[in-house]
Amino acid sequence: MDLNYETKRLILRVLDASDAEKVCLFYQKNKYTFEPVEPPRVPNFYTLNFHKSNLSVEYNEFIHGRYLRLFLFEKNHPETIIGSLCFNNFRNGCFKSCVVGYKMDHNHCNLGYMSEGLNFAIQHILAKEYAIHRIEAMVLPNNNASIHLLEKLGFVNEGITRDYANLNGIWRNHFRYSMLVYQ
């Protein structure tokens, strides 16, 4: 497995604890974009120490084939994170499935970067390196941008999952989307 991949406009990279400052800055810059649609943050989430520790755990899980987070960088600005793709809940055996999550820097939305990154990751990493057959994505019913992205990539809405996640103290329904990956 590689740590770096390239698309036409992007670099997709697995990061480790040495990149904690970049990751911390990415989350700090996008705090008000991400927090309304994600679980509550632990008190020290926006600190360098938290991200050093978290990246160490994520890297270890990546090495063991249980987790894959790819951070997105523009090729012409390879020092600044503009997004991330996260594949988790890997199930092997007869399932060969995982769940995808993603987030984009608020200044880089609607430029096709997430579509480009996800499409590459699915077709070239998950299909070939992980031999994944099914990918699931959970999305809030009012998140039109995410719904459009998933449908553009070929994900299918399988229905509503009631009270799927507690966000800001409220249990929220989510649409369950899936994509079947054929090798």
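All residue numbers refer to positions in the sequence shown, counting from 1. The analysis underlying the following values was restricted to heavy atoms, covering all of them including side chains, and did not include hydrogens, waters or symmetry mates.
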>> Checking Ser146 against Tyr102: is there a side-chain donor and acceptor pair closer than 3.5 Å?
In response: yes

> Between the side chain of His64 and the main-chain N/O of Asn60, is any donor-acceptor distance below 3.5 Å?
Replying inline: yes

> Would Asn4 and Arg13 satisfy side-chain hydrogen bond (donor to acceptor under 3.5 Å, both in side chains), going step by step from the backbone distance to the final call?
Replying inline: CA-CA 5 Å; Asn4 294 289; Arg13 186 176 301 145; 2.8 Å; yes

>> What I want to find out is whether Lys52 reaches Glu21 closely enough, with some N-O distance under 4.0 Å, to be called a salt bridge.
In response: no

> Do Asp16 and Ser18 have a side chain donor and acceptor closer than 3.5 Å?
Replying inline: yes

> Heavy-atom count around Asn107 CG within 6.0 Å, excluding the residue itself: above 12?
Replying inline: yes

>> Salt bridge check, Glu74 against Arg9: does any charged N sit closer than 4.0 Å to a carboxylate O?
In response: no

> With ring centroids as reference points, do Tyr27 and Tyr46 lie under 6.0 angstrom apart?
Replying inline: no

> Do you see a donor-acceptor pair shorter than 3.5 Å between the side chains of Arg69 and Tyr67?
Replying inline: yes

>> Looking at Lys29 and Asp105, is there a salt bridge between them, counting it only when a charged N and a carboxylate O are closer than 4.0 Å?
In response: yes

> Would Ile81 end up clustered with Leu68 when hydrophobic side chains under 4.5 Å apart are linked, directly or stepwise?
Replying inline: no

>> Salt bridge or not between Glu136 and Arg176? Use side-chain N to carboxylate O under 4.0 Å.
In response: yes

